[in-house]
Number of protein chains: 2
Amino acid sequence: MINAERALDALGDPTRRRVFAKLRNRVCTAGELAQGMDVSRPAVSQHLQVLRAAGLVVVRADGTRRLYQADSRGIDAVRRWFDGFWDETLESFRQAAESAANEKGRP
Amino acid sequence: MINAERALDALGDPTRRRVFAKLRNRVCTAGELAQGMDVSRPAVSQHLQVLRAAGLVVVRADGTRRLYQADSRGIDAVRRWFDGFWDETLESFRQAAESAANEKGRP
DNA sequence: GACTTTCGTTAGTCTATACTTACGCTTTGA
DNA sequence: TCAAAGCGTAAGTATAGACTAACGAAAGTC
C-alpha cells in the first residue's frame, strides 16, 4: 500500500514536481531529465529516489541506462486521500446542519 | 484561480497536514488547534496563513476569535492537477502505442 | 582487458523554513 | 476606561533537506 503522506511530502518540492511533470509525457533517464534543468544530474537522481520511494515513479534497467516512468499508484493514493478528506468534511457539514435543525425545532 | 502548485507546497509539511486534517471535522480557532499538538500556537497560526494563501482554508472573525474552516477550492485545484496529469500520461501512452503499431506495420 | 558511458552514492555545504519567544493589536465585559 | 482573552506578527535560531563535487559500480564497445 502506497502512503499518501509520503507522496505529498515528495510533491512538496518544486524541483521534484518539475521532474515528475516531465515524466508524464515520456519515459526518461536521469541524464535526459537533468538537461534543460538548472540542477545537476545527481540532484535529479536524488529526487527520483524520493519519487520512487513515494510510489510516484517506477524504474527499469536498460543496459547502462535506467528508464524512469510515472506510476499511477502514488497518484491514486493522493487522489484517494483527497477524496476521503473531502467526503469526511461534507459529512461533518451534514451532521452539523442536522443538529442545528434539531436544536431549532426544540422549544 | 487557486494555484495547485501552492496547495501542494502547503501540504508538503507534515505539521501543516495535521492542522489541515483537524479542520476537516470541525471549525476551529488557532488556539484550539494548538492544544493537543506539540507545537506552539504561533506556529499553528503561521501554518494557517500558508494554508489560507493556498486556498485550502478560510477564516472568519467572531469577536476576538478567528474561526478557521477547510475550503474546497484548494482541494479541487489539486484534484484537477492530478486529473490533468494522469489524463496526459495516459494520452502519451496511447500515442506511443499507436506509433509503435505503425512502425511495426511498415515493411 | 582497457576505455567509455550512464548512473547511483557519499560527504559536505548552504539555504529555506519551521519553530519559539516577545510584543502589540482588537474585541469584549465589568 | 481598564483588564483580560484571543490572535497575528516580528525577530532570531536551529535544523531539515536541496544541492554540488568527487568517487565507485555496472554494462556496453573496441
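Order of the sequence lines fixes the chain letters, A, B, ..., with proteins taken first and strands second; residue numbering starts at 1 for each chain.
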Any side-chain to backbone donor/acceptor pair from [X] onto [Y]? Under 3.5 Å, distance only.
X: Arg16(B); Y: Ala10(B); value: yes
X: Asp62(A); Y: Arg65(A); value: no
X: Thr89(A); Y: Phe85(A); value: yes
X: Gln35(B); Y: Glu32(B); value: no

Could you tell me how far apart [X] ([atom1]) and [N] ([atom2]) are, to the nearest whole angstrom?
X: Arg60(B); N: dC7(D); atom1: CZ; atom2: C1'; result: 16 Å
X: Leu33(B); N: dG6(D); atom1: CG; atom2: C1'; result: 13 Å
X: Gln49(A); N: dC7(C); atom1: CD; atom2: P; result: 13 Å
X: Leu48(A); N: dT9(C); atom1: CG; atom2: P; result: 11 Å
X: Arg52(A); N: dC7(C); atom1: CZ; atom2: C1'; result: 13 Å
X: Asp9(B); N: dT17(C); atom1: CG; atom2: P; result: 8 Å

* Asked: Between Arg66(B) and dG8(D), does any side-chain N or O lie under 4.0 Å from OP1 or OP2?
  ->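 For dG8(D), OP1 or OP2 has a side-chain N or O of Arg66(B) closer than 4.0 Å.
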* Can you find a side chain N or O atom of Ser45(B) that sits less than 4.0 Å from OP1 or OP2 on dC7(D)? ->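 Indeed not, no polar side-chain atom of Ser45(B) lies that close.
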* **Gap between atom CG of Leu48(B) and atom CG of Leu56(B) - 0.5 Å precision** =>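 CG of Leu48(B) is found 11.0 Å from CG of Leu56(B).
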* Estimated bend of the helix from dG1(C)-dC30(D) to dA30(C)-dT1(D) (axis per five terminal pairs, rounded to 10 degrees) ->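 The end-segment axes of the helix from dG1(C)-dC30(D) to dA30(C)-dT1(D) are tilted 20° relative to each other.
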* Structure fact -> ring pair (Phe, Tyr, Trp, His ring centres under 6.0 Å) filter on Phe82(B), not counting sequence neighbours, yields none
* Is there side-chain contact between Leu33(B) and Arg41(B), with at least one heavy-atom pair below 4.5 Å? ->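 Counting from C-beta outward, Leu33(B) and Arg41(B) never come under 4.5 Å.
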* Below 4.5 Å, heavy atoms only, C-beta onward: do Asp76(B) and Arg80(B) meet side chain to side chain? -> yes
* To do: Could you encode protein contacts along nucleotides 14-27 of chain D as a string, one character per nucleotide from 5' to 3', using B for base contact, S for sugar-phosphate-only contact and - for no contact, with a heavy-atom cut-off of under 4.0 Å?
  => ----SBBBB----B
* **No-hydrogen, no-angle side-chain donor-acceptor test under 3.5 Å, Gln69(B) and Arg60(B)** => yes
